[in-house]
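Have a look at the structure below before the remarks.
In the text below, chain A, chain B and the rest are named by the order of the sequence lines, each starting its count at 1.
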Protein chains: 2
Amino acid sequence: MTKPRKKGAAALPLNTILDGDCIEVMNSLPENSVDLIFADPPYNLQLKGDLHRPDNSKVDAVDDEWDQFSSFAAYDKFTREWLAAARRLLKPTGAIWVIGSYHNVFRMGAELQNQGFWILNDVVWRKSNPMPNFRGKRFTNAHETMIWASKSEGSKYTFNYEALKSLNEGVQMRSDWVLPICTGHERLKNENGEKAHPTQKPESLLHRVLVGSTNPGDVVLDPFFGTGTTGAVAKMLGREFIGIEREEEYRKVAEKRIKSVKKYDKEALEVSTSKRAQPRVPFGQLVERGMLRPGEELTSMNGRYKAKVRADGTLVGKDVKGSIHQVGAAYEGAPSCNGWTYWTYKKEGKKVPIDLLRQEIRAEMARPN
Amino acid sequence: MTKPRKKGAAALPLNTILDGDCIEVMNSLPENSVDLIFADPPYNLQLKGDLHRPDNSKVDAVDDEWDQFSSFAAYDKFTREWLAAARRLLKPTGAIWVIGSYHNVFRMGAELQNQGFWILNDVVWRKSNPMPNFRGKRFTNAHETMIWASKSEGSKYTFNYEALKSLNEGVQMRSDWVLPICTGHERLKNENGEKAHPTQKPESLLHRVLVGSTNPGDVVLDPFFGTGTTGAVAKMLGREFIGIEREEEYRKVAEKRIKSVKKYDKEALEVSTSKRAQPRVPFGQLVERGMLRPGEELTSMNGRYKAKVRADGTLVGKDVKGSIHQVGAAYEGAPSCNGWTYWTYKKEGKKVPIDLLRQEIRAEMARPN
DNA sequence: AAGCTCTCTGAATCGTCAC
DNA sequence: AGTGACGATTCAGAGAGCT
């Protein structure tokens with residue numbers, strides 16, 4: 001008997017490609033078990049026979065509209081069903097990415113909202129090398145749209161803000177991503193030298209998605225696995241994947257591809273983290289440790305206000321008492337204030353933010369004794 | 001009796017702003033009479049509490065009564081009705097543009113398709129100066145989406161391919177447009193010096209829409225006229241406009257604005273295009289694109305130092321972590337360092353500056369397609 | 001005049017934890 | 001489950017005012 005890795009994840013077929021219709025397969029997996037779903041569904045579905053109108057010899061306008069509506073209805077039914085199955089699989093803290101073009105993305109987005117998913121961003125993949133519009137009748141179709149949504153309004157989700165900011169030269173990542181389409185050696189070929197899949201996504205796209213919205217060890221499911229870009233990048237990044245794909249050809253190509261992929265070293269997978277992840281240090285510790293003395297005077301960063309430190313780690317100023325945050329907020333008439341960066345103390349004649357003292361304590365805590 | 005300008009256009013109140021609910025007003029106008037509709041409907045933002053910038057200033061949110069809907073169902077009903085009224089007004093050769101954000105655009109897009117409109121492109125307005133995400137919880141919402149659709153599948157529509165190509169330095173116009181938001185003197189103020197409308201669109205956006213999808217003399221209708229950007233640009237470009245707006249304040253501002261607008265001389269249409277600076281390439285892109293692998297070792301140009309690449313595009317060396325610039329500066333004890341020219345990677349046994357990889361990306365970005 | 005600093009602002013679904 | 005305290009968090013560009 002194997003030990004389950006995580007609660008609720010016992011029965012998950014990790015790092016495998018499952019054969020079959022994604023709706024049925026997803027419904028056979030345990031609910032609330034997956035951290036992220038990335039889905040690149042087809043939009044050119046073959047319609048089922050019963051939804052086709054009878055083969056009239058002549059088509060008038062009314063029939064035309066009915067036909068159009070019936071095909072949208074079939075597509076909507078498909079979308080509703082696979083999204084519901086995906087939603088069932090997601091942990092409450094999970095999230096989903098879907099990608100599409102104007103043919104299908106509006107219907108997917110509306111259905112996501114209808115099912116209670118909470119859209120976090122729509123992200124535009126701006127292709128640096130799209131296919132031109134040869135006939136000159138429209139704009140070059142130079143982008144695709146992704147939708148990123150949490151499971152419900154208010155639910156927690158993973159967002160590695162600092163890592164993405166690092167990926168973007170220190171500026172916060174925007175909702176428009178400029179990345180090239182998948183070409184060259186990355187583009188998989190079949191035995192005949194033809195491209196193995198018509199819409200293979202670039203690994204760079206998945207890299208950004210997975211670095212930004214999962215942590216190492218998270219389970220990532222792709223219900224339209226194709227040639228397995230999601231699985232390949234998940235493996236490189238130390239995430240677990242589950243693929244679902246009904247075409248044997250694609251499964252074979254994906255299997256081989258993923259086998260040849262190597263996981264990056266552990267050190268390379270650590271990403272920049274935010275202060276939020278660091279341990280909380282009560283201001284009182286600075287006093288207890290003698291880094292600040294009771295009675296010592298702090299000055300606001302802008303030099304306008306002063307307050308005295310008390311033995312219990314509160315401040316007392318003109319007509320105000322309370323925490324470093326409360327006194328700062330009261331002085332500034334602001335709804336809130338980060339006292340750590342607002343207050344300074346005198347060190348060798350110079351104003352130094354008290355946050356530096358907190359950093360000393362944190363560094364000491366991080367040291368392995 | 002006045003001579004009708006065009007067949008079916010006899011009763012059109014050209015170049016006026018009509019007062020009232022846009023659905024009722026549109027239904028009172030003659031069908032099949034309008035060449036283009038540009039619609040910027042309420043987005044149904046569903047904002048909850050206040051939002052403050054990191055400096056504690058409060059963001060002036062779009063909390064206007066006209067953007068409040070009780071549910072998606074109510075918003076969908078509204079969308080269905082105004083789109084049906086718009087469709088009735090359009091000539092068979094007409095087209096429509098709608099603009100929205102992820103809050104509403106998926107619902108609009110799906111309803112456009114349901115009613116038989118034929119989507120020609122979705123066009124992304126990439127804002128060069130969007131509002132940042134102040135809390136670091138999502139991607140910067142840096143774009144809005146427009147949908148361009150003809151009245152029906154197969155119907156003729158206007159597309160001035162060559163004019164747009166000229167606007168784009170001789171290169172085919174793409175589906176992503178980089179334009180700044182409306183600020184400065186273009187942003188209209190009321191008597192109190194406050195912004196006259198919370199969501200005024202830039203004239204540059206309408207300029208491109210109207211140059212691309214109408215001809216001089218065409219009738220352009222905007223059912224959510226606001227402060228009249230559509231009317232102002234239409235007048236400049238020698239198109240006829242019809243505005244519908246139910247808020248008297250907005251109508252007054254728009255009226256005054258349009259009165260002061262002059263129709264362009266032909267040659268005034270030439271716009272000087274600013275020379276583009278070299279695009280900034282984040283180092284993280286080299287990692288995302290697989291040009292460098294997480295875990296790969298870089299060597300300083302002088303051969304003295306080494307550091308490893310991490311998945312988020314930062315470097316980790318001996319006791320140092322950070323961007324390519326930060327780690328280089330730390331090693332050299334210098335205040336700053338150009339990491340692009342400082343670091344090298346191994347290619348076929350030889351040390352190659354990473355700047356060469358950046359040049360590859362830039363070359364690709366500069367390529368016309 | 002040119003350049004500098006400082007201030008302000010923009011369609012935004014913008015916390016989390018302990019008690 | 002509701003309350004209160006902590007404390008993390010921003011980019012581009014315009015305009016005003018000053019040197």
Side-chain angles (χ1 to χ4, degrees), chain A residues 113 117-122 148-150 152-157 159 161-162 165 168-175 273-278 280-284 313-314 322-326 328-329 334-343 354-355 358, chain B residues 40-64 66-69 72 99-105 125 127-145 178 180-187 189 193-195 197-202 224 226 280:
Chain A
Q113 292 179 312
F117 287 98
W118 194 245
I119 299 182
L120 298 165
N121 279 111
D122 59 334
W148 176 41
S150 63
S152 318
E153 178 177 1
S155 67
K156 274 197 207 167
Y157 56 90
F159 184 56
Y161 177 74
E162 289 293 338
K165 195 170 167 179
N168 198 32
E169 288 271 284
V171 179
Q172 71 177 205
M173 189 71 80
R174 301 170 33 122
S175 60
T273 53
S274 73
K275 284 191 191 161
R276 276 185 256 261
Q278 295 182 45
R280 193 167 279 216
V281 176
F283 175 72
T314 56
S323 71
I324 51 173
H325 317 292
Q326 288 167 334
S336 70
C337 170
N338 184 343
W340 290 107
T341 53
Y342 181 77
W343 293 107
I354 59 173
D355 204 32
R358 180 170 65 163
Chain B
D40 180 14
Y43 287 8
N44 187 23
L45 286 186
Q46 306 170 257
L47 304 179
K48 303 273 163 31
D50 287 344
L51 178 64
H52 293 89
R53 299 184 182 80
D55 66 4
N56 272 322
S57 61
K58 190 177 160 203
V59 174
D60 184 13
V62 180
D63 52 6
D64 304 70
W66 49 253
D67 198 44
Q68 312 297 323
F69 293 83
F72 280 133
I99 181 167
S101 65
Y102 65 83
H103 308 82
N104 69 324
V105 77
W125 169 27
K127 302 178 186 183
S128 54
N129 50 349
M131 186 162 76
N133 185 287
F134 296 120
R135 309 300 294 267
K137 303 308 289 182
R138 303 181 177 193
F139 299 98
T140 312
N141 210 337
H143 74 276
E144 294 188 25
T145 301
V178 181
I181 60 177
C182 183
T183 60
H185 293 122
E186 189 185 325
R187 190 80 195 223
K189 307 283 191 295
E194 301 155 336
K195 57 189 174 195
H197 192 284
T199 70
Q200 187 183 339
K201 295 293 175 287
F224 307 97
R280 189 175 54 90

Item to complete: For Glu162(A) and Lys275(A), run salt bridge (charged side-chain N to carboxylate O under 4.0 Å, His left out): C-alpha distance rounded to whole Å, both residues' side-chain angles, the deciding distance at 0.1 Å, then the answer.
Response: CA-CA 9 Å; Glu162(A) 289 293 338; Lys275(A) 284 191 191 161; over 6 Å; no
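- For the C1' atoms, the distance from dC14(C) to dG10(C) is 15 Å, rounded to whole Å.
- Counting only heavy atoms from C-beta outward, the side chains of Leu120(A) and Phe159(A) never approach each other to under 4.5 Å.
- For the C1' atoms, the distance from dA1(C) to dC18(D) is 14 Å, rounded to whole Å.
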Response to the item:
Pairing string of DNA chain C (Watson-Crick or G-U wobble, both atom distances under 3.5 Å; | = paired to other strand) is .|||||||||....|||||
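- Nearest heavy-atom pair, Pro42(B) versus Phe69(B), reported as atom, atom and distance to 0.1 Å: CB-CE1, 3.9 Å.
- Counting non-hydrogen atoms under 4.0 angstrom, Gln326(A) reaches the backbone sugars and phosphates but no base.
- Closest of all the heavy-atom pairs between Arg187(B) and His197(B) is NH2-O, 2.8 Å.
- Contacts of Pro41(B) with the nucleic acid, taken as non-hydrogen atoms under 4.0 Å apart, include base atoms.
- When the C1' atom is used for both dT10(D) and dC8(C), the distance is 13 Å, rounded to whole Å.
- A donor-acceptor pair shorter than 3.5 Å cannot be found between the side chains of Ser323(A) and His325(A).
- Side-chain contact between Met131(B) and Asn141(B): absent, with no pair of heavy atoms (C-beta onward) separated by less than 4.5 Å.
- When every heavy atom of Gln172(A) is checked against every heavy atom of Lys165(A), the shortest pair comes out as N-CG, 3.9 Å.
- Distance noted for atom P between dA18(C) and dA8(D): 15 Å (whole Å).
- Ring geometry for Trp148(A) against Tyr157(A) counts as perpendicular: the plane angle is over 60°, on a 0 to 90° scale with 30° as the lower cut.
- Nearest heavy atom pair, residue Trp66(B) against residue Pro198(B), reads CZ2-CG, 3.6 Å.
- Nucleotides dT9(D) and dT16(C), compared at atom C1', are 14 Å apart to the nearest Å.
- dT13(C) and dG13(D) have their C1' atoms separated by 26 Å, given to the nearest Å.
- Between Gly154(A) and Gln200(B), the residue whose closest nucleotide on DNA chain C is further toward the 5' end is Gln200(B).
- Atom NZ of Lys189(B) sits in a crowded spot, with more than 12 heavy atoms from other residues, nucleotides or ligands closer than 6.0 Å.
- Nucleotide dT13(C) is shown with a syn base, its glycosidic torsion being within 90° of 0.
- Using a 4.0 Å heavy-atom cutoff across all strands shown, Ile324(A) reaches no nucleic acid atom at all.
- Within the 4.0 Å cut-off from OP1 or OP2 of dG7(D), at least one side-chain nitrogen or oxygen of His325(A) is found.
- Within the 4.5 Å cutoff, the side chain of Asn56(B) has heavy atoms near those of the Ser336(A) side chain.
- Residue Gly49(B) is in base contact, counting any heavy-atom pair closer than 4.0 Å across all strands shown.
- Within the nucleic acid shown, Asp67(B) comes within 4.0 Å of at least one base atom, counting heavy atoms only.
- Here the range on DNA chain C touched by chain A, meaning any atom under 4.0 Å from one of its heavy atoms, is dT13(C) to dC17(C).
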Practice prompt. Produce a footprint string for nucleotides 8-16 of chain D: one letter per nucleotide, 5' end first; B if the base is under 4.0 Å from any protein heavy atom, S if only the sugar-phosphate is, - if neither.
Written response: BBBBSSSS-
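- Val59(B) has its side chain within reach of Phe134(B): a pair of non-hydrogen atoms, C-beta onward, lies under 4.5 Å apart.
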